[in-house]
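For reference, the structure is listed below as structure tokens.
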Number of protein chains: 2
Amino acid sequence: MDPEPSELKRLSTAASPEQRFHEYLQSRGMRSTRQRQVLLEQVFAEHDHFDADQLIEKLPRRGSADYVSRPTVYRTLGEFVDAGLLKKFEIDGRSVYDFDYGYPDHDHLHCQNCDRLIEFQADGLEQVLRHVAERHGFRIKAHTLLVEGMCDECFRARRRTPRRVDRI
Amino acid sequence: MDPEPSELKRLSTAASPEQRFHEYLQSRGMRSTRQRQVLLEQVFAEHDHFDADQLIEKLPRRGSADYVSRPTVYRTLGEFVDAGLLKKFEIDGRSVYDFDYGYPDHDHLHCQNCDRLIEFQADGLEQVLRHVAERHGFRIKAHTLLVEGMCDECFRARRRTPRRVDRI
DNA sequence: TTGAATGCAAAGGATTTGCAGAGGC
DNA sequence: GCCTCTGCAAATCCTTTGCATTCAA
């Protein structure tokens, strides 16, 4: 789950994530608090997938005026997902958050060797899904496609100096 | 996560899951115990995805001669995955096990309304993935495609008697 | 016989919740 | 001032682990 620069470019969109989130808050009678601001800024400062702990590491520490507690981080991430800013999925039992707003649709390759997450855009996928949905009368809201395997780097490295990784 | 009869037919394969598992055990110097037998039978008695709790509910209770403890259930499910009999993925933070041996490749539609998991075979998917793998020099070992949305039944039901489901 | 496997109890780790005080609007 | 939000501490939920005992080979 090591963050790395995304290959995908940002799409220009009507509203910024900040604007969109504020609309979301207003429409629900929710308040714009310091904590929500801090998180909004930190999350959208970088454009990469992350989990709760990785986010917390980057936040001001306990004692700082901008400290945000762990429960609030979780609560707010849930709100971002609700607001359509982030997408959430799971790898090995932990939640990973990924950008869903102002980003082109994409999925991930997960290297079981180095744990890296690599974004990709699968050309034909949308069509395949549309077809499936039609056949089953299913209304698609979202999808997560996670491909497990070994990335190119690890494959080459292993060929040079073979070492076991998975189990015993 | 309500189990329901699979639409997919069983493929005839060289060895039965039982045979395959015994080979797996032997090749690793592991033993064929009563608990592993009980689990093997219960799991392959039905051909449907399940989680640990659903499996445990169907097992003999504490006190029975065929009782299997929770830790052993988890340990053995891991062995089934290792042996290539089951596939494991996650929905809402809990592990779901699905048949991987003697079954055609398939993925799932997950209805966010009734929580049902519907299997499907996506025709073009394999090709799409092969293409992605090639482009990224990625060696695919497995994939999980989970499509979230609303199943036909729920959609129709809701149109008749609209009721909110997701949040508040 | 002997080392692998099990059950028990307890630990672990991520995430959530109850609640009293703080703070937007 | 009212009602939402936050931080704290503790709880929850699923899953794993340590260890003494049981049991397959």
Side-chain angles (χ1 to χ4, degrees), chain A residues 1 21-40 42 49-57 59-83 86 88-97 115 167-168, chain B residues 1 21-40 42 49-57 59-83 86 88-97 115 167-168:
Chain A
M1 233 116 341
F21 189 55
H22 281 296
E23 284 168 22
Y24 168 85
L25 292 178
Q26 293 227 320
S27 70
R28 306 215 172 191
M30 294 166 76
R31 294 169 182 180
S32 176
T33 64
R34 180 179 50 70
Q35 289 86 340
R36 287 182 175 137
Q37 287 303 328
V38 170
L39 290 171
L40 200 50
Q42 179 56 57
H49 32 71
F50 60 89
D51 62 26
D53 276 325
Q54 291 172 331
L55 172 57
I56 289 171
E57 274 173 32
L59 294 173
R61 307 291 163 185
R62 194 179 303 246
S64 157
D66 282 343
Y67 170 71
V68 181
S69 72
R70 183 170 282 271
T72 295
V73 168
Y74 278 102
R75 283 187 280 238
T76 308
L77 285 175
E79 291 160 10
F80 289 169
V81 171
D82 242 39
L86 296 181
K88 176 182 173 182
F89 59 99
E90 278 145 38
I91 298 183
D92 292 336
R94 58 194 302 114
S95 295
V96 178
Y97 297 87
D115 209 34
R167 353 203 160 275
I168 302 183
Chain B
M1 236 123 332
F21 190 55
H22 281 295
E23 284 168 21
Y24 168 85
L25 292 178
Q26 293 228 319
S27 71
R28 306 215 172 190
M30 296 166 75
R31 295 171 182 178
S32 176
T33 64
R34 179 179 50 71
Q35 290 86 340
R36 286 183 176 137
Q37 287 303 328
V38 169
L39 290 171
L40 201 48
Q42 179 57 57
H49 31 70
F50 59 89
D51 62 26
D53 276 326
Q54 292 172 331
L55 172 57
I56 289 170
E57 275 173 30
L59 293 173
R61 307 290 163 187
R62 194 179 304 245
S64 156
D66 281 342
Y67 171 71
V68 182
S69 73
R70 183 170 281 272
T72 296
V73 168
Y74 277 102
R75 283 186 281 237
T76 308
L77 285 175
E79 291 160 9
F80 288 169
V81 171
D82 243 41
L86 296 180
K88 177 181 171 181
F89 58 100
E90 278 145 39
I91 298 183
D92 293 336
R94 59 193 304 114
S95 295
V96 178
Y97 296 87
D115 209 34
R167 352 208 159 272
I168 303 179

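Chain letters run A, B, ... following the sequence lines, proteins first, then strands; residues in each count from 1.
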Distance-only donor-acceptor test (3.5 Å): side chain A:R36, base D:dC5
no
DNA chain C: 5'-proximal contact among B:G29 and B:T72 (nearest heavy atom):
B:G29
Roughly, in whole Å, what's the span from CG in B:L59 to C1' in C:dT6?
15 Å
Sidechain-backbone polar pair: B:R36 side chain, B:R31 backbone, donor-acceptor under 3.5 Å
yes
Nearest whole angstrom, please: distance from the P of C:dG24 to the CZ of A:R28.
22 Å
Does the distance from a Lys or Arg side-chain N to an Asp or Glu carboxylate O, for B:K88 and A:D92, drop under 4.0 Å?
no
Check this for me: does the side-chain of B:R75 come within 3.5 Å of the base of C:dG7 through a donor and an acceptor?
yes
Is there a side-chain contact between B:R62 and the phosphate of C:dC8, meaning an N or O under 4.0 Å from OP1 or OP2?
yes
Once you round it to whole Å, what is the distance between P of C:dG13 and OH of B:Y74?
17 Å
For C:dG23, does either OP1 or OP2 sit under 4.0 Å from a side-chain N or O belonging to A:Q35?
no
Give a yes/no on whether any side-chain N or O of B:Y67 is located under 4.0 angstrom from OP1 or OP2 of C:dC8.
yes
A:Q37 CD to C:dG23 P, straight-line distance once rounded to whole Å
16 Å
Report yes if at least one side-chain N or O of B:S95 is closer than 4.0 Å to OP1 or OP2 of D:dC14; otherwise report no.
no
According to a strict under-4.0 Å criterion, is B:T33 in side-chain N/O contact with OP1 or OP2 of C:dT6?
yes
Between B:S69 and C:dT6, is there a side-chain N or O to OP1/OP2 distance below 4.0 Å?
no
In whole Å, I'd like the distance from the CG atom of A:L77 to the P atom of C:dT15.
9 Å
Near A:Q26 CD, under 6.0 Å, is it more than 12 heavy atoms from other residues, nucleotides or ligands?
no
Both B:G93 and A:V68 contact DNA chain D. Which one's nearest nucleotide lies toward the 5' end?
A:V68
Using a distance-only criterion (donor-acceptor N/O pair, under 3.5 Å, no hydrogens), is the base of C:dG3 paired with the side chain of B:R31?
yes
Taking A:V68's backbone N and O only, do any of them form a donor-acceptor pair with A:Q35's side chain (distance below 3.5 Å, no angle check)?
no
Interatomic distance, A:R70 CZ vs C:dT15 P [rounded to whole Å]:
8 Å
For the pair made of CG in A:D66 and C1' in D:dG7, what is the distance, rounded to whole Å?
15 Å
So which atom in B:S32 and which in B:L25 form the shortest heavy-atom distance, rounded to 0.1 Å?
CA-CD1, 4.1 Å
B:L55 CG - D:dT15 P separation (whole Å):
12 Å
